[in-house]
Amino acid sequence: MFRNVAELVELASTQNKKISDIMIEQEMEVTGRTKEQILEQMNVNLTVMEQAVERGLNGVRSHSGLTGGDAVLLQKYIQSGKSLCGDTILDAVSKAVATNEVNAAMGTICATPTAGSAGVVPGTLFAVRDKLQPTREQMIAFLFTSGAFGFVVANNASISGAAGGCQAEVGSAAGMAAAAIVEMAGGTPAQCAEAMAITLKNMLGLVCDPVAGLVEVPCVKRNAMGAANAMVAADMALAGITSRIPCDEVIDAMYKIGQTMPTALKETAQGGLAATPTGRRLEAKIFGIPHVHGEQQQ
Amino acid sequence: MKYKSVFDIIGPVMIGPSSSHTAGAARIGRVARSLFGREPKWAKISLYGSFAQTYKGHGTDVAIIGGLLDFDTFDERIIGSISIAQSNGMQITFIEEEAIPEHPNTAKVFIGDDQGELELVGISIGGGKIEITELNGFELRLSGHHPAILVVHNDRFGAIASVSNILASHELNIGHMEVSRKEKGMLALMTIEVDQNIDDSVIKELEALDHVVKVAKIVE
């Protein structure tokens with residue numbers, strides 16, 4: 001069993017396997033289930049992701065009215081041919097946004113690693129699909145590779161915004177996605193780890209400050225930028241760029257930053273964007289009087 | 001290691017918007033429901049930390065009630081669970097606690113009807129994964145690293161042996177086990193951590209035993 005990224009990369013490199021293979025083998029060992037059962041469960045999750053993206057691209061609105069419709073705007077903009085930063089990145093961004101808009105509307109999604117960060121992994125996967133033309137099996141492998149890196153983060157740091165801030169959620173998701181893109185594009189296990197490290201380094205310190213405590217503002221747009229970050233970092237790693245700080249040390253730094261982050265910035269809606277005049281005004285509009293303590297009979 | 005499976009990371013499939021505050025909350029409610037064994041007539045839910053601050057926005061309230069109605073994390077009926085519960089006659093109270101909990105996402109679920117009560121404390125540790133830290137005043141010292149079951153049983157000789165025999169017959173190895181009771185001869189609780197996931201058929205077999213009142217899976 002691998003405990004950190006260094007062991008994961010070592011296992012894959014010495015056995016000449018992919019990260020996804022190592023993750024599937026470990027899952028078989030831990031749960032006692034067959035490879036077919038495990039692949040089928042991931043296939044079900046992949047289908048949920050596809051349906052969420054499709055639903056978001058058709059346009060959804062959250063109950064609060066704070067989010068929805070941005071994925072549609074982005075797709076129209078891409079089709080206009082005027083995009084500055086390239087269609088693949090913007091496609092990833094729009095599909096990440098689509099997923100999180102569905103999540104905000106209390107639709108069905110697959111947490112990757114959390115619901116608040118559920119857009120990044122599928123967003124990037126469905127965007128690189130057009131370019132890399134993967135088989136269904138390779139798309140499933142993409143999810144195992146992201147899962148392997150998320151597994152290390154979850155066990156050595158945190159994937160909870162309440163415990164570690166947004167860096168632990170969208171930061172982890174973006175790192176997971178970057179690593180999986182690299183594997184799908186033909187990069188080595190070591191390059192996967194570099195992509196994860198480069199991504200996460202650029203997410204360090206990101207706070208969790210949802211307006212009105214809703215997983216909407218700024219969560220949807222943080223997923224957008226998480227996807228863009230993952231795409232760029234994957235290209236950097238594939239170009240041969242390495243991180244001066246090893247991936248495991250970046251994960252450890254993320255954990256320690258999360259521990260020292262004030263509670264007001266860890267999913268309590270007490271600080272950051274949630275505490276801005278507009279954030280407070282939106283909160284009052286949605287819930288009436290904000291945060292009355294004591295018993296409430298429903 | 002707290003997270004054992006890749007599906008803790010890529011999953012669960014769930015109703016939005018938050019894995020910890022919605023899916024995890026639904027799972028805490030559902031463990032309480034399965035331990036109680038029936039739909040309660042009343043529910044007093046105390047929310048602590050981030051749960052208390054943001055439960056309305058995250059749908060933590062509808063999720064816990066959805067769990068009490070035995071809905072899974074992906075069950076779309078969660079969205080309307082409070083009105084479903086109320087039309088079933090459930091009295092629901094939410095209490096926003098000011099005390100600072102050990103874990104930021106903590107909920108105390110106190111449920112009951114005219115036949116009994118149950119109090120459970122659960123924490124949602126991220127990505128939809130939960131741990132149960134207290135049941136009816138029994139402190140649970142579960143690592144959360146292995147699949148685990150709770151067995152509520154009558155404090156009689158042979159009860160523990162009958163449970164471990166069934167686990168042995170399914171080749172399930174017990175890694176850690178604790179037995180606690182409040183009073184001799186009354187209700188007692190076995191907390192059992194095993195190495196593999198336990199099938200629902202095994203749970204049913206355990207529940208059929210003499211002296212076993214209720215069995216629930218709490219870590220998968």
Side-chain angles (χ1 to χ4, degrees), chain A residues 1 3 23 26-27 30-32 41-42 44-45 48 64 102-116 118 121 143-144 146-148 150-151 154-155 158-163 168 176 210 212-216 263 266-270 286-287 291-298, chain B residues 1-24 44 49-62 65 73-74 76 78-79 82 85-86 91-98 100 103-105 124-129 147 195-197:
Chain A
M1 188 181 238
R3 285 165 302 176
M23 187 72 249
Q26 177 169 306
E27 188 71 15
V30 168
T31 63
Q41 187 176 347
M42 198 58 97
V44 169
N45 288 359
V48 169
S64 73
V102 168
N103 181 58
M106 289 191 92
T108 307
I109 53 96
C110 179
T112 53
T114 67
V121 169
L143 298 178
F144 281 105
S146 359
F151 182 85
N155 281 313
S158 171
I159 52 166
S160 155
M176 288 158 56
L214 296 161
V215 191
E216 299 198 45
T263 307
K266 287 193 281 194
E267 211 171 347
T268 53
Q270 290 174 333
I286 294 163
F287 293 131
H291 296 328
V292 181
H293 288 272
E295 288 211 11
Q296 295 190 350
Q297 186 93 33
Q298 292 212 353
Chain B
M1 289 205 185
K2 280 183 176 293
Y3 295 78
K4 294 284 278 189
S5 165
V6 68
F7 297 106
D8 292 336
I9 310 300
I10 309 296
V13 172
M14 54 168 284
I15 302 297
S18 165
S19 47
S20 54
H21 291 59
T22 320
K44 285 185 181 169
S50 172
F51 268 9
Q53 301 293 338
T54 67
Y55 74 98
K56 281 183 187 161
H58 285 125
T60 308
D61 46 0
V62 293
I65 300 301
T73 54
F74 51 82
E76 292 186 6
I78 282 177
I79 298 165
I82 288 183
Q86 282 172 336
Q91 289 282 333
I92 302 166
T93 312
F94 284 98
I95 304 154
E96 295 172 22
E97 301 283 357
E98 308 235 7
I100 304 213
H103 190 279
N105 297 331
S124 185
I125 64 169
K129 212 166 160 56
D195 292 337
Q196 302 91 356
N197 252 324

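Every chain is numbered from 1, with letters handed out A, B, ... down the list of sequences. Below, each value reflects all heavy atoms present in this structure, side chains not excepted, and no hydrogens, waters or symmetry copies.
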Visitor: Is A:N45 reaching over with its side chain to a backbone N or O of B:V13, donor-acceptor style, under 3.5 angstrom?
Guide: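 No, the answer is negative, given that no donor and acceptor are paired below the 3.5 Å cut-off.
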Visitor: Given a strict heavy-atom distance threshold of 4.5 Å, which part of A:V48 is in contact with chain B: side chain, backbone, both, or neither?
Guide: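 It is the side chain, since no backbone atom gets that close.
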Visitor: How close do A:N155 and B:Y3 get, counting heavy atoms only, and between which atoms?
Guide: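 Of all heavy-atom pairs spanning A:N155 and B:Y3, the closest is OD1-N, 2.7 Å.
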Visitor: Pick one of side chain, backbone, both or neither for A:Q41, based on which atoms fall under 4.5 Å of a heavy atom in chain B.
Guide: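 Contact with chain B involves both backbone and side-chain atoms of A:Q41.
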Visitor: List the atom of A:T268, the atom of B:Q53, and the distance in Å for their closest heavy-atom pair.
Guide: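 Closest approach of A:T268 to B:Q53, heavy atoms only: O-CB, 3.4 Å.
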Visitor: When rounded to the nearest 0.5 angstrom, what is the spacing between CZ in B:F7 and CE in A:M42?
Guide: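 Spacing of CZ (B:F7) from CE (A:M42) equals 4.5 Å.
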Visitor: Just by distance, with hydrogens left out, do A:E267 and B:T54 show a side-chain donor and acceptor under 3.5 Å apart?
Guide: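 Side-chain D/A pair, A:E267 to B:T54: absent.
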Visitor: Side chain to side chain contact (heavy atoms under 4.5 Å, CB included) with B:S19: which of A:T114, A:I159, A:V215?
Guide: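 The side chain to side chain contact (heavy atoms under 4.5 Å, CB included) with B:S19 is passed solely by A:T114 among A:T114, A:I159, A:V215.
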Visitor: Side chain, backbone, both or neither: which part of A:M1 has a heavy atom under 4.5 Å from chain B?
Guide: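 A:M1 touches chain B through side-chain heavy atoms alone.
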Visitor: Does the side chain of B:V6 come within less than 4.5 Å of A:F151's, by heavy atoms?
Guide: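 No, their side chains stay 4.5 Å or more apart.
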Visitor: Would you check, one step at a time, whether the test side chain to side chain contact (heavy atoms under 4.5 Å, CB included) holds for A:K266 with B:S50?
Guide: CA-CA 8 Å; A:K266 287 193 281 194; B:S50 172; over 6 Å; no
Visitor: Between A:M106 and B:I79, what is the shortest heavy-atom contact and its length?
Guide: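 So the two residues come closest at O-CD1, 3.5 Å.
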Visitor: So which of A:G32, A:G161, A:G150 has the largest heavy-atom pair count under 4.5 angstrom toward chain B?
Guide: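 Among A:G32, A:G161, A:G150, the one with the most close pairs to chain B is A:G150.
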Visitor: Could you state the interatomic distance from OG1 (A:T108) to CD1 (B:I15), rounded to the nearest 0.5 Å?
Guide: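 A:T108 atom OG1 to B:I15 atom CD1 measures 3.5 Å (nearest 0.5 Å).
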Visitor: Grab the two heavy atoms, one from A:A104 and one from B:P17, that are nearest each other, plus how far apart they are.
Guide: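 Heavy-atom minimum between the residues: CA-CB, 4.4 Å.
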Visitor: Check A:A162 against B:P104 and note the closest heavy-atom contact, atom names and distance.
Guide: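 Closest approach of A:A162 to B:P104, heavy atoms only: O-CG, 3.7 Å.
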Visitor: What option among B:Q196, B:M14, B:H21 has the most heavy-atom pairs under 4.5 Å with chain A?
Guide: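 When all of B:Q196, B:M14, B:H21 are compared, B:M14 has the most.
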Visitor: What's the separation between atom OG in A:S158 and atom NZ in B:K2, rounded to the nearest 0.5 Å?
Guide: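 Rounded to the nearest 0.5 Å, the OG-NZ separation comes to 10.0 Å.
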Visitor: Specify which of B:G128, B:G24, B:S20, B:S18 makes the most heavy-atom pairs with chain A at under 4.5 Å.
Guide: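 Heavy-atom pairs under 4.5 Å are most numerous for B:S18.
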Visitor: Please examine the side chains of A:T31 and B:K4, heavy atoms only from C-beta on, and report whether any two atoms are closer than 4.5 Å.
Guide: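 Sidechains of A:T31 and B:K4: no contact.
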Visitor: Please give me the minimum heavy-atom distance between B:I10 and A:M176, naming the atom from each residue.
Guide: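 Minimum heavy-atom contact is CD1-CE, 4.0 Å.
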Visitor: Considering only heavy atoms, which portion of B:I125 lies under 4.5 Å from any heavy atom of chain A: side chain, backbone, both, or neither?
Guide: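 Just its backbone gets close to chain A.
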Visitor: Can you tell me which of B:G11, B:G59, B:P12, B:S124 forms the most heavy-atom pairs within a distance under 4.5 Å of chain A?
Guide: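 Looking at each of B:G11, B:G59, B:P12, B:S124 in turn, B:G11 comes out on top.
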